[in-house]
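Take a look at the structure set out below.
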There are 2 protein chains.
Amino acid sequence: MTSTPTPLTQVDPARLTEVLDGRWAHVRRDAREKLGTAHYATVHGETMTEARDRATRLAADLATTGTVAFGYPRAYGGSDDAGASVVSIEMLAQADLSLMVKAGVQWGLFGGAVQALGTQRHHDEFLPRIISFDLPGCFAMTETGHGSDVQQLRTTCTYDPATQTFDLHTPHQAARKDYIGNAAKDGRMAVVFAQLVTGGQRHGVHAWLVPIRDADGNPMPGVTIGDDGPKAGLLGVDNGRLSFDHVTVPRDMLLDRYGQVAPDGTYTSSIENETRRFFTMLGTLVRGRVSVGGSASSATKVALEIAVRYGDVRRQFSTPGEEREVVVNDYLVHQRKLLPALARSYAFSFAQEELLCTMHDVLGAEAVDEGAQRELESRAAGLKALQTWHATQTIQLCREACGGAGYLQENRLPGLKADTDVFTTFEGDNTVLLQLVAKGLLTGYRDAFGSLDGWGKAAFVAEQVRETVLERTAARALIQRLVDAVPGREDDVPFTDRGWQLKMLEDREEHVLEGVIKRLRKNAATHRDGRQFDVFNDVQDHALKAAEAHMERIVLEAFVAGIERTADPAARALLSRVCDLFALTTIEADKGWYLEHSRISPPRAKALTGAVNELLAELRPHMRTLVDAFAVPDAWLNCAILAEEPRRQETMAAHDSTLRAQGTEPQAEETATDLELAPAQ
Amino acid sequence: MTSTPTPLTQVDPARLTEVLDGRWAHVRRDAREKLGTAHYATVHGETMTEARDRATRLAADLATTGTVAFGYPRAYGGSDDAGASVVSIEMLAQADLSLMVKAGVQWGLFGGAVQALGTQRHHDEFLPRIISFDLPGCFAMTETGHGSDVQQLRTTCTYDPATQTFDLHTPHQAARKDYIGNAAKDGRMAVVFAQLVTGGQRHGVHAWLVPIRDADGNPMPGVTIGDDGPKAGLLGVDNGRLSFDHVTVPRDMLLDRYGQVAPDGTYTSSIENETRRFFTMLGTLVRGRVSVGGSASSATKVALEIAVRYGDVRRQFSTPGEEREVVVNDYLVHQRKLLPALARSYAFSFAQEELLCTMHDVLGAEAVDEGAQRELESRAAGLKALQTWHATQTIQLCREACGGAGYLQENRLPGLKADTDVFTTFEGDNTVLLQLVAKGLLTGYRDAFGSLDGWGKAAFVAEQVRETVLERTAARALIQRLVDAVPGREDDVPFTDRGWQLKMLEDREEHVLEGVIKRLRKNAATHRDGRQFDVFNDVQDHALKAAEAHMERIVLEAFVAGIERTADPAARALLSRVCDLFALTTIEADKGWYLEHSRISPPRAKALTGAVNELLAELRPHMRTLVDAFAVPDAWLNCAILAEEPRRQETMAAHDSTLRAQGTEPQAEETATDLELAPAQ
């Protein structure tokens, strides 16, 4: 059923690295050169105190390397390059994830909020010290009581014209700020999000720049600082809790780009609608989510490199009668674990690159294009969800693929796993984010700010579905051409036909989305008693499936566009096979749906498994190349088995061959290579 | 499509606890009473040194409680109760997993090996001090170089008649003992597994009792002790490495129940065949694997209790227009995550209980029944694999279900996750274990010891498949009756028909197994060039699927048998619905296979999703009951959010209602409850 277009030849990993590095290749190379040393590598087995101290020190060191300010205006030593600012964070994720988060908090969230929500006077006064890390700060948004419902924050900040100050207050314990990075130890100021009240009227969530510690490091009057204590990972990040007991905040500390309070308390804003204003403010912070998704993928590559390289030297069982040395990567089931994960990581690299480009262009545009911004937010949300779940699953899989060795901290995988684990729920809970994507799809991006106030009430426009689905991401013309070229009798189309693969993902997205719309309409008609919650909740699983299908289609299209940009023919051929594996394992993973909807016949579904296995065999010799292409600096890998195992296995092989020569090895007939019992503790 | 047999009424959790506690209920109750205090609960945020010291102290304390010796002969203070010995370990897994592993190493593996492989003189001399923890010891089997290939251990122990001693030697670094619990700090002796050589002849793997530290805690001459250092979890367990440089071991330290060396070096054994002897020796150690699977499930229950109870108080978004308080457990997707996992945990409880009974009876039998022993090993291997993967996935899911709070150590989930993670690869790598199950199935347990020496050579007897598959586990007659009662036109059978559910799992097992056999035969015919490795490797994924299908069928049958034993009608009805959920989500998860093989029609496959969602709605009010039934002592939960969150949410609700009364709450029209952006750090 598969046709093998071009037989694969050996590929120079550097050719792949060029493609993966993409538009910000210079930033990635720069990071590898300047930071690719043991100094910035993670340290295994630290206590929380040690880890926090090191992260603080390294953040200060990092500030001197010229790799933290890309996103800031040139006037403050930056380069106005939003894409580069995210890429520099992604690179840190391969070195040390605590440092990555620490940097993300300081220069992404805290500094980014001052830049995006503040005005000239805030920039002049604070940005230089933020960039130099002389002013460590916090991004105090999340509250203990309501994680995801940011618009309903309970903290209030009430203006008093008499004193021309604000009164910042935490009304109860559930309203305290929680999980705030830099809060427990380092932070001197915080950007605090709260409900602005002036003249007895609420104007929604705004942000203030609030000192939380004095020069000696003691909490400011009225500020209570708690410590979130030890976490699953990210021990170097000092997450904490902040409560405010009627803290006085000067009027000019309101970050007032989108909403201003005059000395007499008059509120003004260029965006009249409160909800719209809220989302415009949040929209400027999209970089955080893009950074987290990208960093998750970045860390996943390190795990894959460790598992693949170990699997290339590790022997499992003696294999009598075999001339070759069988290593664990030769086992089909091992390939079944590692290679599809590797292919998906490649796919995400291209999707993230595309997202970075979009983000860079949208944020850098002269005029705000609300449609483009909404779409960017949706993509960022969806890709963050997919990438972080992929990270959690893949790093787990790599840990298991390395057996007991994968459980030792000296082999890096435990740290990668524990540190990235929180990514699935921070910067937006993945489930909530996919819901956001689903809602974007359902409203077809139409009337974006007006009609999103309730599931039941939204107008679902079926005709728009097809248009929304077909709205292309990249290589638009090429993809349309490929899809159009798929012949009618799909059972005869080779699995490696790119047009067929694209069409399969596109059809699924369209069909699932239509199904959700039909059910929502029906629900809205039957739930006329006002139980709005149930209208959507009944189809929540279905809606999330639509979001996932949408994102997977976008990811595949980005992969196709990436191959199109690849100049080297051998690299291109290899990427094309990796793309086949991504597409086919994605379809295979959801074959229940395809069969249920007669999009694939039972015989073809069975043949698909064989086709995937053939691809695995074809890609087996290139596993090492595919991870070498990630170009992770050696110092960052920091993994004992990669250093020791090849030597150990050589000694063992030599010793075995001596035994064989002496005839003291047990006979092949006597062994029971198939009954492997491995009690260990 | 679903028929709802009995509407569910409120169930007293205690009625469920009785059923879950099973045959060793007295041991479980005893553990809750004697050990259910903060003293034995885990401590969050310890350093490795603190954790190790505490584990050592607690192990010593534990030895005084009368809960560690169940498995030993009455002569030494035990009760000859193998089942109870495993149950007591399972209970510890809810309190503190380091302590559970520490206890498992000392009284299960180390003491168990002395008991099972040694003879009277070893028992008299060592068992009392082992039981009292005055003699902490190690089980030194695994070597660095070859994790799972235990029969090919490289360590040698060579007898010299001149001195009447053995010479224990580690030939190279890959042969050092690794991941050995109790080695790095506490162990005074170790049961060391090595190749026995006498008179220039190898006789396969045997075990010796070898002192590794002197009275002052220094390594014995020739013994090198290393430390595996910090791990992902289980910080309290001092895993280490042992190397032996021609260490002299007295002749009588050979644990010689199954193989003896006379003073002149003559080797004797009651079991002539070396492979068979090896597996008989290992077979006595099956308890370890049963303990690990059971402990994994035990810990998973703690995680589920935390997530379910938190989900019952946690609100996500304000839900304007709703009279009720919507909590996260009300969301369909949240139920879709937690409830099937909960149902699977119930299923495993019953399967583990059945395995415990079988183990207890087989190990306690007067005469050794090799067939029964092999089947026990296969069940233990398969159930351990399924239970430990379920633990890893479910604890992860619970962590995510608790959002940022789930990432804080004070909320227990990080510890549960990190500590149980290694279970998927220790006491046998899960993939290797499932392979073992597959091989057992393929040979139909026939000629067990003779024909298992190679995949290509094994005789595959298709006629035996049906017989093997249908070999029943429990409630034999009942299950057959239910299956036989399923009418021909399956599309009309309600999803809740137990016979249909059983038949679906049974048919799948049979069909997958037949498929593997066909492919193996074909492979064996075409790979006549002797590439034996490829014969099996080509179908490895297919064979593992057969093993999983086999185990899932066994688990469902155990669940059915468990319901049969339930006296209380309300409890029985609830369990029956939970069993439906387990069966239907198991089928749903593999619906691709069922559709591909026309075992289910596309319309029925679609309806299945709806049936599962209906079950979720029905079980929603009973979530709390289902976790309360686990009867985990409060002191063991050790989770901050369970103590604080209800209070916090109450305060918040009260505060909100004040705001509403004052009219200062934003209008429902203004909110955007559907666009939840939650940047956090």
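Chain letters run A, B, ... following the sequence lines, proteins first and then strands; every chain starts at 1.
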- Query: Which answer fits Leu544(B), side chain, backbone, both or neither, if we ask what part of it has an atom under 4.5 Å from a heavy atom of chain A?
  - Reply: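 Contact with chain A is through the side chain of Leu544(B) alone.
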- Item | Under 4.5 Å from any heavy atom of chain A - which part of Asp228(B) |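 It is both, since atoms from each part get that close.
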Report the option among [options] that has the most heavy-atom pairs separated by less than 4.5 Å from atoms of chain A.
options: Ser598(B), Ala175(B), Gly404(B); value: Gly404(B)
options: Lys591(B), Gln540(B), Lys417(B); value: Gln540(B)
options: Gln393(B), Gln173(B), Arg399(B); value: Arg399(B)
options: Gln409(B), Glu588(B), Glu410(B); value: Gln409(B)
options: Val422(B), Asp541(B), Val197(B); value: Val422(B)

Which atoms of [X] are under 4.5 Å from chain B, going by heavy atoms: the side chain, the backbone, both sets, or neither?
X: Asn537(A); value: both
X: Ala605(A); value: both
X: Gln396(A); value: side chain
X: Ile600(A); value: neither
X: Ser601(A); value: neither
X: Ala617(A); value: neither

- Dump the intermediate steps for side chain to side chain contact (heavy atoms under 4.5 Å, CB included) on Asp330(A) and Arg315(A), then the final yes or no. CA-CA 10 Å; Asp330(A) 292 324; Arg315(A) 297 187 298 169; over 6 Å; no
Between chain B and each of [options], count heavy-atom pairs under 4.5 Å; write down the option with the most.
options: Gly406(A), Gly233(A), Ala640(A), Gly229(A); result: Gly233(A)
options: Val539(A), Thr609(A), Thr47(A), Asp421(A); result: Asp421(A)
options: Ala183(A), Gly403(A), Cys402(A), Gly108(A); result: Gly403(A)
options: Asp590(A), Val292(A), Thr392(A); result: Thr392(A)
options: Ala232(A), Ala405(A), Ala174(A); result: Ala232(A)
options: Gln201(A), His597(A), Met48(A), His44(A); result: His597(A)

From [X] atom [atom1] to [Y] atom [atom2], the distance as rounded to the nearest 0.5 Å:
X: Phe110(A); Y: Ile180(A); atom1: CZ; atom2: CD1; result: 12.5 Å
X: Leu433(A); Y: Arg289(A); atom1: CG; atom2: CZ; result: 4.5 Å
X: Leu413(B); Y: Leu408(B); atom1: CG; atom2: CG; result: 10.0 Å

- For residues Phe139(A) and Phe193(A), establish whether the separation of their ring centroids is below 6.0 Å.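 Centroid separation for Phe139(A) and Phe193(A): below 6.0 Å.
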- Message: For Tyr331(B) and Phe533(A), I'd like to know if the aromatic rings sit close, meaning centre-to-centre distance below 6.0 Å.
- Response: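 They qualify: ring centres under 6.0 Å apart.
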- Got Lys102(B) and Asn182(B) here, is their nearest side-chain heavy-atom distance under 4.5 Å?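 Yes, their side chains come closer than 4.5 Å.
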- Item | Flag for Thr156(A)-Arg202(A): side-chain donor and acceptor within less than 3.5 Å |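 The answer is no; no qualifying pair exists.
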- Message: With side chain to side chain donor-acceptor pair (under 3.5 Å) as the test, pick out the partner of Thr431(A) among Glu400(B), Lys337(B), Arg336(B).
- Response: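 That would be Lys337(B).
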- Task: Locate the shortest heavy-atom distance separating Gly45(B) from Pro230(A); write the atom from each residue and the value.
- Result: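 It is CA-CG, 3.7 Å.
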- Item | Test log, rule side chain to side chain contact (heavy atoms under 4.5 Å, CB included), inputs Asn430(A) and Thr425(A) | CA-CA 6 Å; Asn430(A) 279 1; Thr425(A) 54; over 6 Å; no
- Message: Run the side chain to side chain contact (heavy atoms under 4.5 Å, CB included) test on Trp389(B) and Leu434(B) for me, step by step, so that the C-alpha distance in whole Å, both residues' side-chain angles and the decisive distance to 0.1 Å come before the verdict.
- Response: CA-CA 12 Å; Trp389(B) 270 326; Leu434(B) 280 185; 3.6 Å; yes
